[in-house]
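Taking it in order: structure first as structure tokens, then the write-up.
Predicted, not measured: the structure shown is a model, and the values here were computed from it.
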Amino acid sequence: MEKEIISWIYEAAERVKAGLGDALKVDQKSGRTDLVTNVDKETQAFIVSKITAFDPAAKILGEENGQDQTPIDQGRVFVIDPIDGTLNFVMQRENFCIMIAVYENGVGQLGFIYDVIRDELFWGGPKVGKVFYNNEELSPPENRSLGEGLIGMNLALYRKNINHAQEIGNQTMGVRVLGCAGLDLIAILKGTQIGYISMLSPWDYAAGSIMMKQLGLPFSGAEGQPLSFQGREFFIGATAAAMDQIQAFDKEKH
């Protein structure tokens with residue numbers, strides 16, 4: 001299955017790059033910084049067509065085309081973010097990803113995050129027992145504490161100090177705002193960031209969390225609870241050492 005999914009991602013990426021030209025049409029969803037393009041919708045439709053041909057019984061949970069309410073706990077479910085970082089895609093023409101995850105009866109089996117412009121594919125999970133950067137197996141990153149690394153964060157959470165985000169960020173070597181969950185999760189997998197805190201939807205964290213779990217990296221909701229895969233929710237993912245500090249910090253404040 002992983003070979004088929006990788007081929008779909010590469011083919012979708014070529015279509016996305018072709019869509020960066022004059023044919024790009026941009027619409028607003030909830031506001032001027034919450035954008036969707038014709039390329040987002042067409043890319044999801046393309047991936048769904050590949051999935052349906054491969055496994056007609058599979059279900060889809062995806063950001064676009066009205067497929068955003070599918071539960072993940074029954075049968076095989078593909079979770080799709082056709083363009084993660086749409087604002088970056090529109091404004092920067094880089095710093096966006098294609099993400100696909102596969103869940104079987106609620107258990108994550110495979111995750112894929114592809115940085116389209118840099119041609120970097122991170123993929124793996126329990127189904128293959130490993131995580132790869134392109135074709136190279138990744139080792140778990142160094143278990144660094146908050147004070148030893150950078151942390152990715154949603155700007156609004158940091159600015160408003162929601163759930164102590166600003167105080168947590170100030171404990172680190174620095175806060176990074178990439179505007180793309182996929183890139184922040186890649187950074188954790190690579191070990192270039194020790195954590196990521198944001199408000200995310202299931203398609204934002206599905207693929208990355210599967211690979212984090214495979215590498216022994218913890219993640220949770222705001223109070224340490226499992227992620228719900230329903231709507232937007234607070235997401236914390238980090239090294240074990242940094243996660244312990246984040247959770248202890250939160251308990252101290254209560």
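Linking Ile, Leu, Val, Met, Phe, Trp and Tyr whenever their side-chain heavy atoms come within less than 4.5 Å puts Leu185 and Ile72 in one cluster. In the hydrophobic cluster analysis, where Ile, Leu, Val, Met, Phe, Trp and Tyr join through side-chain heavy atoms closer than 4.5 angstrom, Ile113 is grouped apart from Val102. Transitive grouping of hydrophobic side chains (ILVMFWY, heavy atoms separated by less than 4.5 Å) brings Ile194 and Ile168 into a common cluster. Residues Met211 and Val79 share a hydrophobic cluster, clusters being chains of Ile/Leu/Val/Met/Phe/Trp/Tyr side chains in contact below 4.5 Å. Put simply, Val16 and Met91 are part of the same group of oily side chains (I, L, V, M, F, W, Y) that touch within less than 4.5 Å, one to the next.
When all heavy atoms of Ile210 and Pro126 are compared, the closest pair comes out as CG2-CD, 3.9 Å. Heavy atoms only, all atoms of each residue included: Met212 and Leu189 are closest at N-CD2, 3.8 Å. The two residues Phe234 and Leu157 come nearest to each other via the heavy atoms CE1-CD1, 3.6 Å. Looking at every heavy atom in both residues, Gly231 comes nearest to Pro202 through O-CD, 3.5 Å. Contact between Arg93 and Ile117 at its shortest, heavy atoms only, is O-CG1, 3.6 Å. Of all non-hydrogen atoms in Leu227 and Gly221, the two that sit nearest each other are CD2-N, 3.8 Å.
Panel note: side chain Asp84, backbone Ile98; no donor-acceptor pair is recorded below 3.5 Å. A donor-acceptor pair is defined here as one N or O able to donate and one able to accept, closer than 3.5 Å; such a pair exists between the side chain of Gln166 and the backbone of Tyr158. Using a distance-only test at 3.5 Å, with no hydrogens or angles considered, no donor-acceptor pair links the side chain of Asp244 to the main chain of Ala241. With hydrogens and angles disregarded, no donor-acceptor distance shorter than 3.5 Å links the side chain of Ser201 to the backbone of Trp203. One N or O on the side chain of Lys59 and one on the backbone of Gln74 form a donor-acceptor pair closer than 3.5 Å. Between the side chain of Arg232 and the backbone N or O of Met199, at least one donor-acceptor pair lies under 3.5 Å. The backbone N or O of Ala242 lies less than 3.5 Å from a partner atom in the side chain of Thr239, making a donor-acceptor pair. In this structure a side-chain-to-backbone donor-acceptor pair under 3.5 Å is missing from Glu233 to Leu200. Judged by distance alone, with hydrogens and angles left aside, the side-chain atoms of Asp73 form no donor-acceptor pair with the main-chain N or O of Asn105 at under 3.5 Å.
Distance check: Thr70 OG1 to Ile80 CD1 gives 9.5 Å after rounding to the nearest 0.5 Å. Rounding to the nearest 0.5 Å places SG of Cys97 at 9.0 Å from CG of Asp81. Note that CD of Gln230 is 11.5 Å distant from CG of Asp68, once rounded to the nearest 0.5 Å. For the atom pair CG of Leu215 and NZ of Lys190, the computed distance is 14.0 Å after rounding to the nearest 0.5 Å. Atom CG of Leu110 sits about 4.5 Å away from atom CZ of Phe112, to the nearest 0.5 Å. Interatomic distance, Asp184 CG to Met153 CE, rounded to the nearest 0.5 Å: 10.0 Å.
For the side chain to side chain contact (heavy atoms under 4.5 Å, CB included) with Ile83, the lone residue among Asp40, Val90, Val116 that qualifies is Asp40. Of the listed residues (Trp123, Tyr114, Phe54), just one forms a ring pair (Phe, Tyr, Trp, His ring centres under 6.0 Å) with Trp8, and that residue is Phe54.
Here the side chains of Pro141 and Leu217 are in contact, with some heavy-atom distance below 4.5 Å. Side-chain atoms of Asn95 and Arg118, non-hydrogen and from C-beta on, do get closer than 4.5 Å to each other. When side chains are defined from C-beta on, Pro82 does not count as touching Lys41, because their heavy atoms never get closer than 4.5 Å. Residues Phe219 and Tyr205 have side chains not in contact (no heavy-atom distance under 4.5 Å, counting atoms from C-beta outward). Residues Gln214 and Lys130 fail the side-chain proximity criterion, which asks for heavy atoms closer than 4.5 Å. Between Glu137 and Val131, the closest side-chain pair of non-hydrogen atoms is not below 4.5 Å. Taking the side chain as every heavy atom from C-beta outward, Leu183 and Asp115 approach each other to under 4.5 Å. With contacts defined as side-chain heavy-atom distances shorter than 4.5 Å, the pair Leu61/Phe78 does not qualify.
With no hydrogens or angles considered, a side-chain donor-acceptor pair links Gln44 and Gln67 at under 3.5 Å. No side-chain donor-acceptor contact under 3.5 Å links Glu4 and Ser7. Arg159 and Asn154 share no donor-acceptor pair across their side chains, judged by distance under 3.5 Å alone. Neither side chain, Asn88 nor Glu94, offers a donor N or O lying under 3.5 Å from an acceptor on the other.
Around the CG atom of Asp119, the shell of radius 6.0 Å holds more than 12 heavy atoms that belong to other residues, nucleotides or ligands. For Met173, the CE atom counts as loosely surrounded, since its 6.0 Å shell holds 12 or fewer non-hydrogen atoms of other residues, nucleotides or ligands.
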Before giving the answer on side chain to side chain donor-acceptor pair (under 3.5 Å), spell out for Asn170 and Glu167 the whole-Å C-alpha distance, their side-chain angles and the decisive distance to 0.1 Å.
CA-CA 5 Å; Asn170 291 345; Glu167 296 156 88; over 6 Å; no
Would Val128 and Glu2 count as a side chain to side chain contact (heavy atoms under 4.5 Å, CB included) if you check the C-alpha gap in whole Å, the side-chain angles of each, and the deciding distance to 0.1 Å? CA-CA 9 Å; Val128 292; Glu2 58 273 14; 3.7 Å; yes
Is there a side chain to side chain contact (heavy atoms under 4.5 Å, CB included) between Asn134 and Phe122? Walk through the geometry before answering. CA-CA 6 Å; Asn134 291 332; Phe122 291 79; over 6 Å; no
Practice item. I would like to know whether Arg15 and Thr43 meet side chain to side chain contact (heavy atoms under 4.5 Å, CB included); could you show each step before the answer? Key: CA-CA 7 Å; Arg15 298 164 73 97; Thr43 303; 5.5 Å; no
How far apart are the C-alpha atoms of Ile197 and Phe235, what are their side-chain angles, what is the distance that settles it, and do they pass the side chain to side chain contact (heavy atoms under 4.5 Å, CB included) test? CA-CA 6 Å; Ile197 299 176; Phe235 173 94; over 6 Å; no
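Classification of Lys50 and Glu11 as a salt-bridged pair holds, one side-chain N sitting under 4.0 Å from a carboxylate O.
A cation-pi geometry, defined here as NZ or CZ lying under 6.0 Å from the six-membered ring centre and within 45° of its normal, does not hold between Arg76 and Tyr103.
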